[in-house]
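Worksheet: the structure to be examined is printed underneath.
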Amino acid sequence: MNAYLEKEIKFLQGVGPKRAELLEKEADIRTFGDLLYYFPYKHIDRTRFYTIREIVPSDTFMQFRGRLTSMRKEGVPYKERLSVRMTDHTGSIELVFFKGLKYLLAKLKVGGDYVVFGKPSEFNGAVNFVHPDVEPANLKVETIAAVLQAGYTTTERMKNSFITSRVIGKWMVTLWQGMTATIPESLPESLVGSLKLLPLHDSLFNIHFPQSSVLLQKAQQRLKFEELFWIQLRMLFLREERRTIIQGFDFKQVGSCFNRFYSEFLPFELTEAQKRVIREIRKDMGSGKQMNRLLQGDVGSGKTLAALMVILIAVDNEYQACMMAPTEILAHQHYHTICRMIEGLGLKVALLTGSTRKKERTLIREGLMSGDIHLLIGTHALIEENVQFGKLGLVVIDEQHRFGVAQRARLWKKNTLAPHILVMTATPIPRTLAMTVYGDLDVSKIDQLPPGRKPVKTLHFYDTRREEVFRFMKQQIAAGQQVYVVYPLISESEKMDYKNLEDGFEQIRSHFTEADGYTVIMVHGKMSAAEKDLAMRLFKEGKAQIMVATTVIEVGVDVPNATVMVIESAERFGLSQLHQLRGRVGRGGEQSFCILMTSYKLSLDARKRMETMTTTTDGFAIAEADLKLRGPGDIDGTQQSGIPFKLRIASLSTDEQLLLLARRTADDILSDDPALTQPEHQPLLETLQQQLHREINWSKIS
Ligand code: ADP
Ligand code: MG
């Protein structure tokens, strides 16, 4: 059986080497087994046929049989379209195609009978189909009987090579027809029994060829559970291994750096939460095992300071540390803040970012190798291969959800012994996601804000009330406060967005003139590091009252005197982004405000987001609301969340219960048998080792 599933996909009848190459590139399908695990994203009822007169514009798919009565190319070259008219005994209807005309002209014949399948839409008062599936009516597709037909995702490039959902369905038939034995069960029999799971073989069959809707549902449950279970088993297994086996640097002492900083330089009393977290981390780093810890704390809870104190412990033990930030602005800010705070300690701190000059780089590299530099702060530049440390003992990663897990893994490899890792993140990460992405980490939480903070007041204004907002800004500035105005910049390349930003900047400058004593500055991603740094400094030192910016200031920026955050076109931001942005104010003792500007026309979803923001400041509640609103498509995206694997079937937003069950199950198994040595768990161990092996290769190539 395994030999069959490991066969290369090019050997499946109808595939061949060319399409195999494309399948691998576009869909990661290399073997028969990979195809088997290429799950449909939907199931469609294709048993019902409509008459043309019955067809109305609709969000669901409809199907009819008819005769092709005319076919014509229209429009000008490069903007051509194909108009096809289909007729049955009740009327006629138009099909429109914009792409693949050559192929369609060759395939379709006037006078032929076809089955048309698609979503009817409305155009100029008539119903039509745009890009429906069209198949000859007498087409005899060999298939396996099923109550619903599976629909498979195909990319643009797959479609261009005629690898459509139907073609994949056909290959699936071939694959199953060639199968001579039952696919062996992958989970322990006892588990399948106690959780009443559909056996693997039946699940895989029914997901592609549902024999009933009940069986389809059972198949989905089983496959989702299994997917989540392996992730959890792997996470918990790794955590166990790290806690018990992997050696780490032993930071035995707390020495003069830490103690002097604490008694002489610490600008304020630490919060109880900060103290507790530092204790937890200290204990971890002195255990002789490698620390891998997530430090969670809502925006403004003082993670940077906690991290700095941990860094001082590393230095006290004669190790170097590095701190990685997601943006250049943030790296600069950390650099300046930290240098100022530890000025009296005589430590050498260096800053390395993408725009560090070559000469400076060489110096830094030497300083790192010789051990002269105690702390290196920087951006992604830190993980470049040629940055080597003499004695790297601790890595702090700020606002980690922007770093992929693979990047984390590269830092691991900068030593023979892995350094301690502290990953910091603001809370807006839903529980299910945290469990999946950070499931192998130990967690510390700063669940308390520094004293004297007042919750930010959040207001929602329509664009028509801009004058009022300007008046309010003037009042706040007159009281000595500063203001951020943020514009959405969805992608660096979007010209429109830059135009909005610049227009906004000009508009604000015309209301807040230099003649009246205002200084307005602008910060965006296209500026050079030096320009950004200068602008940030002007703002930080209070020489500018208004900063007009893009989301480059989203994370980390810390100017306690700023009390107003105006967010333009707030409807274009996601909840977690809005929360991060709002976190830029409310960092001092003054009452702060966040003003969400939107147009009057809002989608239901956008309205909910504004409502959530104006009613809560709790990052955790916002994260959960975000997950619900954004739904699976977005949050499961590997890039966004840094999940190193793609979920094929389970969803972190809708399958929370299954995820919890999977975690509990994995936990039960491991607490009973941590190294999976019991005979019954042998297959689990084998699969896990295979998976880990694959993953390591994966992190090497990415
Ligand atoms: P975040 O957790 O969002 O990274 P920061 O580390 O930027 O938060 O801290 C937010 C602000 O709170 C900073 O201005 C910092 O100096 C200040 N801060 C940190 N800890 C304390 C404390 N214990 N008491 C008062 N202010 C603090
Ligand atoms: Mg921070």
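Any value given below was found using the heavy atoms of this structure, including those in side chains, with hydrogens, waters and symmetry copies removed. Values in this document were obtained by computation on a predicted structure and should not be read as measured data. One-based numbering, in listed order, for ligands and for the atoms of each. The first residue of the sequence shown is numbered 1, and numbering continues consecutively from there.
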* Glu360/Arg357 salt bridge by N-O under 4.0 Å criterion -> no
* To do: Number the atoms of ligand 1 from 1 as they appear, then name those within less than 4.0 Å of a heavy atom of Leu270, with their elements.
  => 23 (N)
* Give a yes/no verdict on whether any heavy atom in Met424 is under 4.0 Å from an atom of ligand 1. => no
* To do: In plain terms, say whether Asp250 and Lys252 are close enough for a salt bridge, that is, a side-chain N and a carboxylate O under 4.0 Å apart.
  => yes
* Which atoms of ligand 1 are found less than 4.0 Å from any heavy atom of Leu305? -> 20 (N)
* To do: Using distance alone, determine whether Gly300 and ligand 1 share an N or O pair under 3.5 Å.
  => yes
* For Ser301, counting its heavy atoms only, list the atoms of ligand 1 lying under 4.0 Å from any of them. => 2 (O), 8 (O)
* Which ligand 1 atoms are under 4.0 Å away from a heavy-atom of Asp558? -> 11 (C), 13 (C), 14 (O)
* Distance in Å, Thr337 OG1 paired with Ile342 CD1, rounded so as to fall on 0.5 Å steps -> 11.0 Å
* Hey, is ligand 1 close enough to Phe268 that some N/O pair sits below 3.5 Å? -> no
* Asked: Counting heavy atoms only, which part of Arg587 comes closer than 4.0 Å to ligand 1: side chain, backbone, both or neither?
  -> side chain
* **Any side-chain donor near an acceptor of the partner, Asp316 and Gln253, under 3.5 Å** => no
* **Under-4.0 Å salt bridge between Asp605 and Lys608** => no
* Asked: Is Arg466 atom CZ crowded by more than 12 heavy atoms from other residues, nucleotides or ligands, each under 6.0 Å away?
  -> yes
* More than 12 non-hydrogen atoms from neighbouring residues, nucleotides or ligands closer than 6.0 Å to CD on Glu264, yes or no? -> yes
* Asked: Which ligand 1 atoms does Thr271 reach within 4.0 Å, using its non-hydrogen atoms?
  -> 23 (N)
* Taking the minimum heavy-atom distance to atom 24 (N) of ligand 1, which of Gly302, Gly586, Pro450 ranks first? -> Pro450
* Asked: Is there a heavy atom in Arg453 that sits closer than 4.0 Å to ligand 1?
  -> yes
* Sub-4.0 Å atoms of ligand 1 with respect to non-hydrogen atoms of Glu269 -> 22 (C), 23 (N), 24 (N)
* Short side-chain donor-acceptor distance under 3.5 Å, Ser355 and Glu328 -> yes
* Asked: Do Phe505 and Tyr487 make the cut of ring centroids closer than 6.0 angstrom?
  -> no
* Atoms of ligand 1 less than 4.0 Å from Thr304 heavy atoms? -> 4 (O), 5 (P), 6 (O), 7 (O)
